[in-house]
Each structure stands twice: as C-alpha cells, then as structure tokens.
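For reference, the structure discussed in these notes is given below.
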There are 2 protein chains.
Amino acid sequence: MAQPDTVTRILDTAEVLFAERGFAETSLRNITSKAKVNLAAVNYHFGSKKSLIQAVFARYLDPFTERFHRALDDLEARHARDGSEIPLEELLETMARTVLEVPAERDSLKVFMRLLGLAYSQAQGHLRGYIQSQYGEAFTRFTELVRRATPELPDAERFWRLHFILGSVIFTLSGLDALRDIAEHDYGERVSVHELVQKMRPVVVAAMQAPLPD
Amino acid sequence: MAQPDTVTRILDTAEVLFAERGFAETSLRNITSKAKVNLAAVNYHFGSKKSLIQAVFARYLDPFTERFHRALDDLEARHARDGSEIPLEELLETMARTVLEVPAERDSLKVFMRLLGLAYSQAQGHLRGYIQSQYGEAFTRFTELVRRATPELPDAERFWRLHFILGSVIFTLSGLDALRDIAEHDYGERVSVHELVQKMRPVVVAAMQAPLPD
DNA sequence: AACAGTTTGAAACATGCGTTTCCTTACGCC
DNA sequence: GGCGTAAGGAAACGCATGTTTCAAACTGTT
C-alpha cells in the first residue's frame, strides 16, 4: 500500500486535527509529525499555515459549489419548462443532498461539518474573507431562489430565518458526535446522519412557514 | 473617577477581547496592557489563563443560573396551585428573559452571546467540562420541564429539537453584529435585540410543534 | 512608627510557535 | 551519464507565549 503523496497526507491530517481542536490550537508540528512528513513541507507546499487552512476548505468547498451549481441548474431547467416556481422543499432538499454528498465520498461528513462550524465561529478574519470571496456567489444564488419560493415572507424576515436554520444545521452537525453520544446514552438508540437529516426536515420547513411575529 | 480594582479591570478587558478574537488568539499581554495592569497580575489573581477564562464565564453564569432557578421556582409554584402544567411558551419565555436580563445590566449582551458561542465551538476541553459540571443541573431541570410541556413528543425527538433551537439562538446571537450589519445593508432597517427575539419566538414555537418525520 | 500581609512591578525563564536556511536526495530529460 | 529542477530532511532563527521570580510599594493593625 503506497502512501499518498505529501500534499495529500498533510491535508488529510490537517483537516482532522483542525476539526478536533481548532486552528490556533493545532500546530504545524502536530500536523507534520502525525502525517509523518517533514516540518518544512507545509511551508514548502502551501506557503504558510493560513494557506494550508484555506486549502483544507477548498478541498471541500470547490467540489461542493460545483455540484451545487449543477444541481440548481437542473432544478431551474426542469421548472423553466413548465413555468412553475421551485418549491421551498426542493431547494432545501437540494442543499442538504449536496452537503451530504461531497464528504460522503471520503467518509468525512463529521470533519466537514466541524470545519464549517469553525469557519463561522473562529472566523480567523482571513478565512471569512476567503470563503466569502470564493463561495459567496453560490449562497447568493441559493437565497435568491429561496426568495422566489417564499414570496409571502418579508425580505428581512426570510434573511433572519435562513440564518436561524443555518445555525441549527451547523451547530447540530458540527457537534454531532458529542450530541449523538448523549442521545444514545439517554434514549438508547443511535441515530444515523441520515435519520438526523430526516428529523430536521419538518423542523426546518415549519421554521420557514411559521407565522409572522405581531 | 476611581478605576475599578485590578481583578475587575482584568475581567472587563478579558471578556471583550475573548469575545472579539477567541481564547487562543488573545494573549495575557493583550489583556494586561489594554487593562493597564501588570502582566503578572493575571497569574497572581487567577492562577492561570485557564482559570481566568473560567472566571469570565462564572461572572455571567453564576448570576444567570441563580436567577433562572428562581424564575423556574416561581413558575412551578404558580402552576402547582391550580395543578396545571407549565406551557411551553412560558418556559421558553422564561429562558429568553433570563438570558437577556443578566448581561443587560452591564450592557454586554453581545459579549455574553459571543462567549456562549465560543464555549460551544472552541470547546477547550477544560471549559466544556467546567461549564457542564457547574451549570449542567440548570439545563437538566429546564429540559425536564420542557418534557412535561410537550408530552406528545418522543423523548429523542424533543432532545434533538431543543438542540436545533439552541443552535439557532447561539449561532444567531453570537454572530449578531455581523449579521445585523448585513441585514441593515441589504434591507435598510437595523433590528434591535428585542426585535430579533421577537422574530425568533414564532420560529422556535413552530420548530417544537412541527409534525414528526415519516 | 514598625511590622505583617497583600498587591504591584520589571525582568527573566522556559517553551513552543511559524518560518527560513541550507544541504542532501530523487527524478526527468538532452 | 550528467545536469537542472523539484522534493525531502535537519537545524536554526526570531519571536511571542504563559509562567515564575523577587524586590518594591502599599495597606491596615498594633
């Protein structure tokens, strides 16, 4: 079994350690020693630690945005034919499916979700800027479709509700393992990610369709 | 105007810097220089950086849990008299009110929320353990009351929905400033925290009352 | 006024960090 | 076969960190 090359070994190790402890708490020495790679290799191949962090994200987000755009293309084309609007459920479904598909191929959903959570909360400045510049367009496209699917909602209201939901999803899936352990201990049954997404579905729809506040 | 004493100056400064940049990214030198206090003062008064972090949390969470327990005592006593169950809305309302009350006195809701978000995501190990051991009981009490208020929900389902909501709240309120800026820029009106809580109310209720998944 | 205990201050300590340097090894090409 | 470029390895650099030390300043008590 030939080892994967240095760049891949660094990325594989780095994403796991970042997901476990965060960026600042993970040193290049942690990464390189666990990856069985020379310390200087990170700076040689990636330039700096910041660039390594961005590369870790790009490895997930590049395929994600590509698939996501393709999926939205399909969805739009299909509904353009009969002139109907894309229903909210289909949009949410597409988003969920794509989020799950990408890391599924490497069995790393947990890592991907933790990284998303970190990107949001640890917001290293440079990371937030990078993600916004590289992947903001996909999010903008999605929200515009959601707008057309929920014309009854005031714009500001829809904005906030989308972020409520985003919070639920990232929070839950990024703390997945810990929560799942508690749930298993307290209620005896271990849920799969698939089941969890199933549980979220009606909640998310209900959240979007909740009555307006007085 | 006499300066507050050293311990208070350290805590006041530390909580702001922690909330802005996180724990690892904030050095003792950052804190002590901004607080105009000697570097050694942190180790003298708190023992270590870890203990300082815990002290920052305790200054919010101690009053919070005390008030929260008192508020739940009231609620239980009031309903014990006529034998009725406490409705879900009242429980959520009590939680929200207490969360808002404590930092309101020091005009630091933003800081408190960011800290909660960090506690969850940056989970420094020691912090999670500390918070769980010190304040887990209050959360347990609350969930038990929610259980009685929503007897139609399977236990596991309620568990997960509570965490969906917890995610929404922490995520939204901890990223409050950034989100509010975006919302203001895109939709023109700046919402107050009070208005935001008002927006969350129907969403949260709808989430708890959503139909069960197939 | 003198003393004991507490708090502050400046400096040093040891350590771990990201990064750079420089040398060796490996590989592809004329 | 030798040469040029790419990759790997060992060591060091400069710096920032949390923590400790120890003397000076302060505080309250007798």
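Lettering of chains follows the sequences in order, A, B, ..., and the numbering in each one begins at 1.
Rounded to whole angstrom, the span from the CZ atom of A:Phe46 across to the C1' atom of D:dA7 amounts to 14 Å. Rounded to an integer number of Å, the gap from CG of B:Asp5 to P of D:dC26 is 17 Å. Between the P atom of C:dG18 and the CG atom of A:Leu52 lies a distance of 10 Å, rounded to the nearest Å.
Counting heavy atoms of neighbouring residues, nucleotides and ligands inside a 6.0 Å radius, atom CD of A:Glu189 does not exceed 12 of them.
A salt bridge links B:Asp12 with B:Arg59: the closest approach of a Lys/Arg side-chain nitrogen to an acidic carboxylate oxygen falls below 4.0 angstrom. Salt-bridge annotation for B:Glu144 and B:Arg141: absent, with no side-chain N of the basic residue lying under 4.0 Å from a carboxylate O of the acidic one.
Between A:Phe164 and B:Phe171, every side-chain heavy-atom pair lies at or beyond the 4.5 Å cut-off. Looking at B:Tyr187 and B:Ile182, their side chains never come closer than 4.5 Å, going by heavy atoms from C-beta outward.
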statement: With B for base contact, S for sugar-phosphate-only contact and - for none (protein heavy atoms under 4.0 Å), nucleotides 11-18 of chain D reads -B----BB
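The side chain of B:His45 places an N or O atom within less than 4.0 Å of a non-bridging phosphate oxygen (OP1 or OP2) of C:dT8.
In this model, a donor atom of one side chain and an acceptor atom of the other lie less than 3.5 Å apart for A:Ser108 and A:Tyr60.
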